[in-house]
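Working notes, beginning with the structure itself.
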Amino acid sequence: MSKTTKSRKKSSKSQPKNRRSGLWRLCIRLALLGLVVLAGWMVYLDAVVTSRFEGRRFEVPSRVYARPLELYDGASVSASGLARELELAGYRSGDGVKLGTYRRNGGRFVISARGFVFPDGEEPRRRISLVVSGDKVRSFSVVAGPKSPIVRLEPAQIGGIYPAHREDRVLVQLEEVPELLPSTLMAVEDREFYSHFGLAPLSIARAMLVNIKAGRVVQGGSTLTQQLVKNFFLTREQTLLRKGNEALMSILLELHYEKDDILETYLNEVYLGQAGMRSIHGFGLASQFYFGERLKDLAADQMALLVGMVKGPSYYNPRRHPKRATARRNLVLDEMAEAGLLTEQEAKTVKAKPLGVSGKPSFTDNRYPAYIDLVRRHLARDYQEEDLQSEGLRIFTTLDPAVQHASEASVSKTLPKLPGSDELEAALVVTAKDTGEVLALVGGKDPSFAGFNRAVDARRPMGSLIKPFVYLAALEQAERYTLITPVKDQAFTLEFDDGKLWQPRNFDKQERGEVPLHRALSKSYNLPVVRVGLDVGIPKVQEKLRAFGITSPISDYPSMLLGSVNLAPVDVAQLYQGLATSGFNTPLRTIREVTDADNEPLSRYNLKVDQVADPAAVHLVQYAMQETMQEGTGRSAYYTLPDQLTLAGKTGTTDDGRDAWFAGFSGDLLAVAWVGRDDNGSTSLTGASGALPIWSTMMAQIPQHGFSPVMPDGVQYHWVDTEANALTGEGCQNARLIPFVAGSEPDTHTGCNGDFGGQIRSWFEGLFR
């Protein structure tokens with residue numbers, strides 16, 4: 001019995017010991033398991049950290065620039081246009097001395113130009129003075145900086161091609177960052193940055209005490225490394241797991257990389273605001289976004305504001321909350337003084353300054369969506385979309401902000417005045433007449449709407465815009481056709497093989513018997529052009545259209561002679577470019593040059609020309625198009641434009657007014673306007689009443705020269721009686737001076753030699769012709 005009792009006592013003592021031993025073993029196993037899991041997790045985190053840091057660290061969007069404005073004595077620009085362009089490029093109205101400001105007194109300007117690195121070299125900073133009078137620059141001089149007779153202002157950034165996540169940044173390298181900026185950043189956010197290993201336990205403890213005393217979170221204890229890890233790798237959720245990952249990844253980051261590398265990445269990564277759909281990352285872009293300045297040009301108070309905004313870019317947004325932002329900036333200035341970065345007096349002085357933030361960002365999301373759309377399509381020939389979104393390319397376009405502004409204004413002001421305007425849409429394409437550079441493009445009645453781009457995608461029948469090409473095909477046969485060749489303006493019927501009939505008619509339903517060819521074109525009669533087109537052959541007309549740049553299918557039906565060829569406005573501009581340049585096919589361009597982020601040239605898009613038509617025949621067509629403006633369907637343009645501005649153009653209207661077109665050119669510009677409905681419905685408009693008002697309103701806003709064609713070899717002018725189809729004298733009845741391909745002029749004479757005064761005048765004109 002006693003033995004049994006002893007045994008029970010022994011057993012009762014060993015059970016707790018065994019339980020403790022089992023508990024220890026369990027703990028050890030759990031600890032080992034935990035270490036294994038932690039080790040595995042660390043390996044995973046390490047892979048995440050190194051792969052991101054050693055791979056392509058940032059995706060940088062491509063930046064799209066307008067053409068630079070060149071200023072010199074005699075440059076064409078209006079005072080309001082210059083002021084507008086300066087604002088577009090991020091210049092601020094001010095004293096004209098501080099970099100990036102301009103002072104204006106009427107037409108007198110003083111501009112402190114920032115300078116810019118162009119693909120062909122750097123334009124240095126200069127302060128320039130000039131007077132704009134009569135839409136010309138006068139009294140141009142360089143007040144400060146290297147002397148030069150011509151100064152290029154930095155081009156306005158008109159858009160960007162952004163990564164899918166819509167982050168935007170301007171990368172900076174640590175050596176180009178002013179020393180005061182990282183010093184200020186560390187003074188405010190992480191004073192022990194260069195001594196800790198990613199975490200700063202004392203800072204965390206200090207922040208905890210401050211927060212406990214305040215009863216709320218007033219101070220953070222995160223190091224710059226932790227902040228970078230949070231922004232770079234993690235979400236913003238406040239969980240223990242995320243905080244744990246943040247700490248581990250911070251240590252790993254510090255183990256692998258130098259402090260300066262981490263700091264440079266932080267300077268480029270930190271979030272500093274929002275611009276519409278784009279998020280502003282890094283101090284490089286923030287300096288431009290808030291001050292219109294390069295980072296290296298920022299003053300101490302500007303740096304203080306940006307550093308202060310790290311704590312809360314939205315809360316301290318200086319544009320929306322200037323008082324709050326000022327208080328925060330001044331707090332940072334105090335910290336700078338305490339850290340010895342500024343003297344007390346310096347801090348006191350700059351605290352009295354206003355924030356100095358630009359009224360609006362120097363650039364926003366794509367300003368001209370229709371134009372940028374065309375740029376992207378042209379870029380797609382040579383670049384992949386992924387590279388455009390991530391490689392930080394610089395794309396220098398041909399967009400002229402003044403012409404673009406005039407184009408948008410003409411559509412916005414004119415379209416609402418047209419009958420049925422609620423349902424109308426419009427498009428406008430403007431190019432440089434001689435080079436084919438697309439200067440402006442409007443894709444709809446709301447130019448800022450990035451939707452359906454009618455200038456590029458609205459393929460509609462071109463109507464009578466085709467007639468110059470039909471007559472060109474005929475006039476190239478000089479032995480058969482001249483500008484005074486009589487053509488029948490009489491109705492007729494065509495019967496096709498399937499028995500169907502086609503009966504073309506004039507727009508006014510009238511018939512005039514016979515009319516000279518030049519009048520048939522200037523008055524846009526339908527019956528003559530169909531007759532001429534059928535005579536020279538539809539294939540000849542198709543050949544002309546293709547030679548001038550049309551690549552889309554062209555109908556074989558006779559109705560194509562009246563414009564049943566579907567083209568977008570930009571295609572029509574391509575066609576008419578050849579007419580404006582005397583028969584040279586000049587591919588339209590939106591891009592001059594593309595460089596990489598380091599300004600190394602990647603692509604240069606030079607002017608290309610290809611002679612595709614007889615210049616003499618084109619000259620004759622140009623004559624008839626000038627007549628269109630003076631006497632024909634385009635003459636109402638001179639209700640808006642000055643009489644002395646010589647122009648050439650052509651109206652176009654399709655059945656029931658579904659499409660109203662106008663295409664024409666001066667000595668400097670070529671423009672194509674279209675008006676119609678998206679549902680292809682009828683309107684009461686014609687080319688003259690719908691598209692021409694938009695065209696002429698735009699042209700009236702741009703200083704330019706008249707169209708003065710150079711007479712090519714093989715062309716001679718003669719006084720002719722177009723009714724008699726014979727040579728005549730200048731002073732005779734019906735006398736008209738008309739160009740002919742040499743040898744194709746009439747060989748008969750009406751017998752009239754004109755009055756004596758006319759003969760003398762003709763003789764003198766002949767001497768100087």
Quick one: do [X] and [Y] make a salt bridge, cutoff under 4.0 Å?
X: R377; Y: D457; value: yes
X: K445; Y: D678; value: no
X: R152; Y: D120; value: yes
X: R92; Y: E293; value: yes

**OP:** In sequence, state the C-alpha distance, the side-chain angles, and the governing distance for F665 and Y576, and then conclude on ring pair (Phe, Tyr, Trp, His ring centres under 6.0 Å).
**Re:** CA-CA 9 Å; F665 43 90; Y576 272 70; 7.3 Å; no
**OP:** Would you please test M711 and H619 for side chain to side chain contact (heavy atoms under 4.5 Å, CB included) and show each step?
**Re:** CA-CA 7 Å; M711 191 170 70; H619 186 78; 4.1 Å; yes
Quick one: does [X]'s side chain have a donor or acceptor within less than 3.5 Å of a partner on [Y]'s backbone?
X: Y371; Y: V442; value: no
X: E87; Y: L82; value: no
X: E627; Y: L521; value: no
X: Q622; Y: L579; value: yes
X: R454; Y: G676; value: no
X: T414; Y: I694; value: no

Subject >> Residue that, paired with Y605, satisfies side-chain hydrogen bond (donor to acceptor under 3.5 Å, both in side chains) out of D382, T397, T590 >> reply: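 Between Y605 and the candidates, side-chain hydrogen bond (donor to acceptor under 3.5 Å, both in side chains) is satisfied uniquely by D382.
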Might you point out which heavy atoms bring [X] and [Y] nearest each other, and give the distance in Å?
X: T435; Y: L607; result: O-CD1, 3.2 Å
X: S555; Y: M560; result: O-CG, 3.5 Å
X: Q611; Y: S582; result: NE2-O, 3.4 Å
X: V172; Y: G284; result: CG1-CA, 3.8 Å
X: G578; Y: V618; result: O-CG1, 4.5 Å
X: V430; Y: M698; result: CG2-CE, 3.8 Å

**OP:** Evaluate the criterion side chain to side chain contact (heavy atoms under 4.5 Å, CB included) for residue pair N585 and V609; output intermediate values, then yes/no.
**Re:** CA-CA 6 Å; N585 179 16; V609 293; over 6 Å; no
Subject >> Within 6.0 Å of CZ in R546, more than 12 heavy atoms from elsewhere >> reply: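 Enclosed.
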Original post:
For residues 392-402, which residue pairs qualify under salt bridge (charged side-chain N to carboxylate O under 4.0 Å, His left out), counting only residues two or more places apart or in two chains?
Top reply: R67-D400
Original post:
How far apart are the C-alpha atoms of T651 and T686, what are their side-chain angles, what is the distance that settles it, and do they pass the side chain to side chain contact (heavy atoms under 4.5 Å, CB included) test?
Top reply: CA-CA 8 Å; T651 52; T686 64; over 6 Å; no
Original post:
Yes or no on side chain to side chain contact (heavy atoms under 4.5 Å, CB included) for H518 and L620, after CA distance, side-chain angles and deciding distance?
Top reply: CA-CA 9 Å; H518 68 92; L620 269 53; over 6 Å; no
Do [X] and [Y] come close enough that some side-chain heavy atom pair is under 4.5 Å?
X: E59; Y: H165; value: yes
X: W674; Y: V572; value: no
X: W695; Y: L647; value: yes

**OP:** Give every residue pair that meets the ring-ring contact (aromatic ring centres under 6.0 Å, His included) criterion with at least one member in residues 60-88, sequence neighbours excluded.
**Re:** Y65-F116, Y65-F396
**OP:** Can you tell me which residue pairs pass the ring-ring contact (aromatic ring centres under 6.0 Å, His included) test with a partner in residues 444-467, sequence neighbours excluded?
**Re:** none
Applying the side chain to side chain contact (heavy atoms under 4.5 Å, CB included) test to [X], which of [options] qualifies?
X: K544; options: V612, V470, L472, I466; result: L472
X: L588; options: V438, D571, L670; result: V438
X: L602; options: D387, T595, V594; result: V594

**OP:** Starting from the C-alpha separation in whole Å, work towards a yes-or-no answer on ring pair (Phe, Tyr, Trp, His ring centres under 6.0 Å) for Y91 and F109.
**Re:** CA-CA 13 Å; Y91 282 77; F109 287 80; over 10 Å; no
Subject >> Reported OG1-to-CE distance for the pair T646 and M629, which is rounded to 0.5 angstrom >> reply: 10.5 Å
**OP:** Could you grab the distance from atom CG of L439 to atom CG of L399, nearest 0.5 Å is fine?
**Re:** 8.0 Å
Subject >> Under 3.5 Å side-chain donor-acceptor pair for R367 and S448 >> reply: no
